[in-house]
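Here is the structure we will look at, set down as structure tokens.
When a ligand or atom number is given, it counts from 1 through the structure's own listing order.
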Amino acid sequence: MAGGTHVKKLLLRVLDGDAGVPPPIWLMRQAGRFLPEYRAVRTQAGSFLDLCYTPELAATVTLQPVERFGMDAAILFSDILVIPDALGQSVRFVEGEGPVLEPVRDVQALAQLTTARVESHLAPVMETVRLVRRDLSDDVTLIGFAGAPWTVATYMVEGSSSRDYAQVKGWAFGDPEGFERLVSLLVEATTIYLCAQIEAGAEVVQLFDSWASVLPEDQFRRWVIKPTREIVAGVRARHPTIPIIGFPRGAGLLYEAYVAETGVNGVGLDSQVPVAWAAGALQGKVAVQGNLDPIFLLRGGEGMRQAARNILTALGSGPLIFNLGHGVLPATPPDHVAELIALVRETGVRETGVRETGARETTVRATGAGRG
Ligand code: CP3
């Protein structure tokens, strides 16, 4: 085990390939509408994008779940759609409806977009990162993030959330050279953005590819794996040791190729991924993150406890970051989150009889994960 391991934060050690006992836990969308204190700040901010671009308020809502529940990580409060906004596309969030963008559907429309202003436009987000790092306790990790190019492109091309992805898939399948120009623009902007987050204090970054599930194999390789690999390489060129988590939601059997070919240190599993399969096929290569179905958290009770234990049993002896398979749903009772965290933190207690600092500092070298 590397020297100084005992001082490194638990979540970072797991991304190095250690098994944390108990595993670190955070939840996708842990800051959001299920928390009354979020709704209060959200009202104060006005629009959702105003909240993302007001550092004091964005830092406050980033810290809220950590203060209430004591997660092992805070995730920067922002959105994946700040990138199209920074590129010059019109982006709005309509109450009760979700994002609305002026669609970009061909190469001509790309002329209005530029990466030149990404850093200056997103400077408030970096200020949020600095404020959070200043206020975060020493054992909590700050996760920065961005949308992966494919998922961000779905919103840019469809102009909103979509049912069938007909426009974006039509462009990608029918005019791959043209669509490649949009994806290249996103690779460049995302690399700039993630590097800036790291320079401001993010200790891990996650790429959300929420709509990776809608592409057939060859298209998945071209529009999910390839741009992700380029971003990972671009970020590592400037920050060689930064841990990167990829979340290709719904990738199915293609999770293996994603892990083998992108260079990520950790992979987010959606709830459908069989945990026993992930233990054998993925966890020997990278840390895994997930994958409780958000509905179990919403409903709570014995169902939630059993589902969480299944994950801990299958994946808990290797590098695991406990999380959901997708974001916290707005109707989730906060008490259920507190109960889930308590349950995860009991992991290893009964087996070893150790608790307290002893248990939290016990790590077992489990894999060759973590090439950083
Ligand atoms: O996880 C966190 O707590 C950090 C903040 C965060 C948000 N969005 C805040 C948010 C993160 C990491 C995201 C990522 C994001 N945004 C994704 C990828 C993850 C996923 O859920 O699949 C996607 C696809 C988006 C795009 C997006 N943002 C949509 C489609 C919507 C509208 C739907 C909805 O849930 O309302 C948003 C809005 C959004 N982003 C909200 C929050 C808290 C709710 C807006 C509000 O408070 O009015």
Side-chain angles (χ1 to χ4, degrees), residues 25-54 57-69 71 73-85 89 91-101 125 128-129 132 142-156 158-163 165 168 190 193-194 197 202 204-214 245-251 268-271 289-290 294 297 321 323-332 334 337:
I25 175 171
W26 69 280
L27 304 176
M28 291 186 280
R29 292 282 185 103
Q30 65 187 22
R33 285 165 297 189
F34 84 107
L35 287 177
E37 60 267 36
Y38 170 81
R39 294 196 298 268
V41 175
R42 171 78 173 76
T43 307
Q44 194 189 330
S47 81
F48 174 71
L49 276 180
D50 285 340
L51 176 53
C52 293
Y53 294 139
T54 309
L57 298 182
T60 298
V61 298
T62 301
L63 291 164
Q64 282 173 344
V66 179
E67 283 163 359
R68 189 197 263 249
F69 304 110
M71 281 93 171
I75 180 159
L76 166 68
F77 189 86
S78 180
D79 197 83
I80 66 168
L81 300 181
V82 299
I83 285 290
D85 190 50
Q89 188 173 15
V91 179
R92 291 178 302 131
F93 283 83
V94 178
E95 234 39 73
E97 219 183 286
V100 179
L101 298 84
V125 178
T128 304
V129 172
V132 173
L142 177 55
I143 302 175
F145 76 93
W150 167 254
T151 288
V152 174
T154 68
Y155 291 95
M156 294 179 77
E158 298 290 337
S160 65
S161 298
S162 175
R163 206 174 290 272
Y165 301 90
V168 66
T190 306
Y193 182 41
L194 290 177
Q197 290 182 33
V204 174
V205 292
Q206 174 158 326
L207 277 167
F208 285 85
D209 222 339
S210 304
W211 305 115
S213 58
V214 304
I245 302 171
F247 178 42
R249 189 165 73 96
L269 310 178
D270 63 78
S271 300
Q289 174 173 281
L297 181 63
I321 300 167
N323 206 314
L324 301 176
H326 199 195
V328 179
L329 294 162
T332 303
V337 173

Nearest candidate to atom 28 (N) of ligand 1, where distance is taken over non-hydrogen atoms, out of L81, L27, D79, L51 | D79
In terms of heavy-atom contacts, V61 and L51 come closest through CG2-CD1, 4.5 Å
For atom 13 (C) of ligand 1, what is the nearest protein heavy atom, given as residue, atom name and distance?
-> R29 NE, 3.5 Å
In this structure, atom 3 (O) of ligand 1 is nearest to the protein heavy atom A31 N, 3.0 Å
Of F247, F77, F208, which is the lone residue that meets ring-ring contact (aromatic ring centres under 6.0 Å, His included) with F145?
-> F208
Can you figure out which of L49, T43, V61, I80 has its heavy atom closest to atom 23 (C) of ligand 1?
-> I80
Who's the nearest protein heavy-atom neighbour of atom 4 (C) of ligand 1, and how far?
-> L76 O, 3.5 Å
Which heavy atom of the protein is the closest neighbour of atom 46 (C) of ligand 1, given with residue, atom name and distance?
-> R42 NE, 3.2 Å
Sub-4.0 Å heavy-atom approach of F247 to ligand 1 | no
Scan L81, V100, V168 and name whichever one has a side-chain contact (heavy atoms from CB on, under 4.5 Å) with Y155.
-> L81
Considering only protein heavy atoms, which is closest to atom 38 (C) of ligand 1, and at what distance to one decimal place?
-> F93 CE2, 3.6 Å
Atom 45 (C) of ligand 1: which protein heavy atom is closest, and how many Å away?
-> F48 CD1, 3.6 Å
Should the pair E95-R42 be classified as a salt bridge under the 4.0 Å nitrogen-to-oxygen rule?
-> yes
Pick whichever of H326, R33, M28 has a heavy atom sitting closest to atom 44 (C) of ligand 1.
-> R33
Looking only at protein heavy atoms, which one is nearest to atom 47 (O) of ligand 1, and how far off is it?
-> Y38 OH, 2.6 Å
Heavy atom of the protein closest to atom 6 (C) of ligand 1 (residue, atom name, distance) | S78 O, 3.5 Å
Out of S210, A148, A45, A146, the nearest non-hydrogen contact to atom 18 (C) of ligand 1 is supplied by S210
